Amino acid sequence: MSLLRELSVLVGDAFSEVGAERRLGEVSVSQRPDLAQFQCNGAMAAAKTLGRPPRDIASDVARIVSTDARMVGVEVAGPGFLNLHVTDEVLAQWMTKTAADDLLGLHRAQPPRSIIVDYGGPNVAKDLHVGHLRPHVIGESIKRMHLVVGHDARGDVHLGDFGLPMGQLLAILEDADPDLPYFDEAFAGPYPEVSPVTVEDLQRLYPLASARSKTEPSFQAKAQQATVELQAGRPGYVALWEHFRAVTIESLKVIYQRLGVHFELWLGEASTGERLAPLVELLLDRGVAVQSDGAIVIHVTTDEDKKELPPLMLRNSRGGSTYATTDLATIQERVDVFEAEDIIYVVDLRQSLHFQQLFRAARLGGIAGDNVTLTHAGNGTVNGPDGKPFKTRDGDLPRLSELLDVTVDLARSRLDENQLALELGASEREDVVRMVGMAALKYGELSNHRTTNYSFDIERFTQLQGKTGPYLQYVAVRAQSIIDKAATKDIVAGDFLAPSDAKERALVLEIAAWPEIVDRAIETLSPNVIAEYSYELANAFNHFYDSCHIMRENDPARQQSWLALVRLTRAVLVQALDLLTIEVPERM
RNA sequence: GCCUUCGUAGCUCAGCUGGAUAGAGCAUCGGACUUCUAAUCCGACGGUCACAGGUUCGAAUCCUGUCGAAGGCGCCA
């Protein structure tokens, strides 16, 4: 149990004793550190139900709470705020407990839940561009925060490997090279093991195919036909499509390695293939799905809607399935096969209508029961430094791999300019350069709220000072540097003493606040809560660093206590940054 | 046309689900280095929280309207 929870129990008991609801005793970190360490606002809320002035209630609660040995000052302020301080001994005990905990005080998930985070969404034959950065990084972070507290969380890349784009690729390839065995319906196999196309071929062909679909009705018809036949399982198409998929996955893994995102599941829209027909049958049987204009749809509008929602399209009039069908089948698979209790989609907010329809359809069709939560944790878009949509000179979206190159190059020149990490060998230094570049990118990304359409300004993100990824790495490295120096002088971390300095106390309080930060980040699926905390923790450490000189301290017990605090601070900072998918070098 | 989201310092953004004096970075100005890494620290400057009403003891936060921005709206994904 965290310190805040302990205090909430204490104050909650007191509220209960004066006849108010126990939950009103919830204690939070004070918004006014000049007045208090912790605060409780419950008295104002209790005033209504109890019919008494809030200050009276607060005074009664304060009298009860102040008898507890842990409390050193309990005051009523303003309209009925309860201002709380704990003794320095409590803080020291708290640090001891936290440092001994392998989770550094975080609340364990109880019970752990089975969670699928759907956050990649790359498409076969399409290169990743800057727009893909947000869902990948945010999703990875959200997955990690669930994992760290003990949930069984898995990331599913959910590859876009289905639908018309696949038919378009088949059609354009058949046009270009009709002699390939994949297009010969008489061919008995086996098909060649080596792909006839590279991922670069696909990336070049796809835009051509897409453009032809718009201008050439005959080509569009052919692509639609190929799509339906692929979905029906035509062997040559399936074999070729499997090559499309394989070469795409291979190239994705390279960039994911650089980016530090990892998927437990490499499923895709097409993974639900054999589920689609039975699912549609099931929904027709249940009367949830109906025929409409030659298509099969689910009507999802309810009486409470101001405006009618478009129905979910299960099967179009050509007999083809759509992404709505595969998404619904994917929910079924996640519930039935993976026993998912929570499904979280980190997907562009512009798809919120789709998810609204999808979730309703899943409920109506009995695909997801009440024991399953479905959440669209939508992300905003990325704009250029000018505040307009991010585009290259040619008007295209910049490729993600090029963006990573530029970022790492910029990180390298920042380190060069400041003559940093020069003592490292070439390979270790290049590793640090990569970590700094990625940290810059990711902190720039995650320090914004998930839903914000933010301005991507790599010049700003790679700054070594200010609220940036590299700054946070610097603070962790600085802490490590003290630990290393102490080791050379045989100074070891000792017991935590009661804080003796205001900056030291502030740092301890910051660390004590960590469990609730993670709770809130998980509850709201907001990595920026952790990003904000990381920065505050780093600042608190720098203030402590400035005012408490560890190597120069004469009292050995105090020196050892401070060293223990340095180690603990670094551990929490590293844990926080890991949840933001940011790596910390030993030196830089 | 309808629906959704948004509008906070010169710029980029937070704001813990309604609490105390709205915060941070950058930029600007002024101070602190024979350093445990100054990538830091201390201070100053900067706001009618788009606007107008309403609910409440209390509103950047909730409700209504206006203005402005972005996005979405059955056979694309």
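Note that the structure is a prediction, hence the values are computed from the model and not measured.
- For A:K485, the side-chain atoms get nearest to B:U37 when compared with the rest of B:A14, B:C57, B:U37.
- In this structure, A:W562 and A:F544 have perpendicular ring planes: the angle between them is above 60°, well past the 30° mark.
- A:A77 comes within 4.0 angstrom of a base, heavy atoms only.
- Comparing B:G18 with B:U56, their C1' atoms sit 9 Å apart, to the nearest whole Å.
- Judged by atom type and distance alone, A:S317 reaches the base of B:C75 through a side-chain donor-acceptor pair under 3.5 Å.
- Distances were taken from every side-chain heavy atom of A:Q465 (C-beta onward) to each of B:G74, B:U40, B:U37; the shortest belongs to B:U40.
- Side-chain nitrogen and oxygen atoms of A:T452 include at least one within less than 4.0 Å of the OP1 or OP2 phosphate oxygen of B:A14.
- No contact: A:L312 has no heavy atom under 4.0 Å from any strand.
- A ring-centre distance under 6.0 Å is found for A:F359 and A:Y345.
- The nucleotide whose nearest atom lies closest to any side-chain atom of A:D293 is, among B:A14, B:C75, B:A20, B:C75.
- With both ends at atom P, the span from B:C36 to B:G31 equals 25 Å, rounded to whole Å.
- Set against B:A20, B:C76, B:G15, the side chain of A:N528 has B:G15 as its closest nucleotide.
- Across all strands shown, A:Q351 has heavy atoms under 4.0 Å from base atoms, whether or not it also approaches the sugar-phosphate.
- If you check B:G53 for Watson-Crick or wobble pairing at under 3.5 angstrom, you find it paired to B:C63.
- Applying the Watson-Crick and G-U wobble criteria (two distances, each under 3.5 Å), B:C36 pairs with nothing in any strand.
- When each of B:C41, B:A77, B:C36 is scored by its nearest atom to the side-chain atoms of A:L164, the top-ranked nucleotide is B:A77.
- Across B:C36, B:G19, B:A14, the shortest atom-to-atom separation from the side chain of A:E532 is found for B:A14.
- Under the Watson-Crick and G-U wobble criteria, each requiring two contacts below 3.5 Å, nucleotide B:A69 is paired to B:U5.
- Rounded to whole Å, the separation between the C1' atoms of B:U66 and B:C26 comes to 34 Å.
- Taking atom CG of A:L422 as the reference point, atom P of B:A39 lies 13 Å away to the nearest angstrom.
- Aromatic stacking is not marked for A:F162 over B:A77, as the cut-offs of 5.5 Å for the centres and 30° for the planes do not both hold.
- Between A:T451 and the phosphate of B:U5, there is no side-chain N or O to OP1/OP2 separation shorter than 4.0 Å.
- For B:A77, the base is not stacked against the aromatic ring of A:Y323, per a cut-off of 5.5 Å between centres and 30° between planes.
- Of the candidate nucleotides B:C16, B:G19, B:U37, B:G19 has the atom lying nearest to any side-chain atom of A:P79.
- Taking the six-membered ring where the residue is Trp, A:W514 and A:Y533 present parallel rings, their angle staying beneath 30° rather than reaching 60°.
- Rounded to whole Å, the P atom of B:G10 lies 30 Å from the corresponding atom of B:G65.
- Across all strands shown, A:G78 has no heavy atoms under 4.0 Å from either base or sugar-phosphate atoms.
- Heavy atoms of A:K307 sit under 4.0 angstrom from at least one base atom.
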**Item:** Trace of the side chain to side chain donor-acceptor pair (under 3.5 Å) decision for A:N542 with A:Y471
**Value:** CA-CA 11 Å; A:N542 266 338; A:Y471 164 73; 2.8 Å; yes
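- Using a 4.0 Å heavy-atom distance criterion, A:I482 is classed as a base contact.
- A distance of 5.5 Å separates CD in A:E423 from CZ in A:R587, rounded to the nearest 0.5 Å.
- You'll find the ring centres of A:Y443 and A:Y535 outside the 6.0 Å limit.
- Contacts of A:Y545 with the nucleic acid, taken as non-hydrogen atoms under 4.0 Å apart, include base atoms.
- Here A:P54 lies out of heavy-atom contact (under 4.0 Å) with every strand.
- For A:R552 and B:C36, the shortest distance from a side-chain N or O to OP1 or OP2 is below 4.0 Å.
- Among the atoms of the strands shown, only primed sugar atoms or phosphate atoms (P, OP1, OP2) are found under 4.0 Å from some heavy atom of A:R318.
- Closest contact between the side chain of A:Y471 and the listed nucleotides B:G25, B:A39, B:C57 involves B:A39.
- With a 3.5 Å ceiling on both atom-pair distances, the Watson-Crick or G-U wobble partner of B:A44 is B:U28.
- For B:U17, the glycosidic angle deviates from 0 by 90° or less, giving a syn base.
- When each of B:G72, B:A20, B:G74 is scored by its nearest atom to the side-chain atoms of A:R350, the top-ranked nucleotide is B:G72.
- A:N418 comes within 4.0 angstrom of no nucleic acid atom, judged by non-hydrogen atoms across all strands.
- Note on A:G466: only backbone sugar-phosphate atoms sit closer than 4.0 angstrom, heavy atoms only; bases stay farther off.
- B:U21 and B:U64 are spaced 28 Å apart, taking the P atom of each and rounding to whole Å.
- Under 4.0 angstrom from either OP1 or OP2 of B:U37 there lies at least one side-chain N or O belonging to A:S481.
- With P as the reference atom, B:C42 and B:U55 are 44 Å apart, rounded to whole Å.
- Between A:H549 and B:C36 there is a side-chain N or O to OP1 or OP2 distance below 4.0 Å.
- Side-chain N/O atoms of A:N539 include none lying less than 4.0 angstrom from OP1 or OP2 on B:G25.
- Comparing atom distances between the A:L35 side chain and each of B:A20, B:C76, B:C42 picks out B:A20 as nearest.
- One finds no salt bridge joining A:E583 and A:K442 here, because no Lys/Arg side-chain nitrogen approaches an Asp/Glu carboxylate oxygen to under 4.0 Å.
- In this structure, A:C548 reaches the bases: a heavy-atom distance under 4.0 Å links it to at least one base atom across the strands shown.
- Taking the six-membered ring for Trp, A:H158 and A:Y119 have ring centres at least 6.0 Å apart.
- Backbone-only contact: A:L353 has heavy atoms under 4.0 Å from sugar-phosphate atoms and none from a base.
- Judged by distance alone with a 3.5 Å cut-off, a donor-acceptor contact links the side chain of A:N83 to the base of B:A20.
- Evaluation of atom-type donor-acceptor distances gives a pair under 3.5 Å for the side chain of A:R520 against the base of B:C16.
- Rounded to whole angstrom, the span from the CG atom of A:D546 across to the P atom of B:U40 amounts to 12 Å.
- As judged by a 4.0 angstrom heavy-atom cut-off over every strand, A:H354 is placed among residues making no nucleic acid contact.
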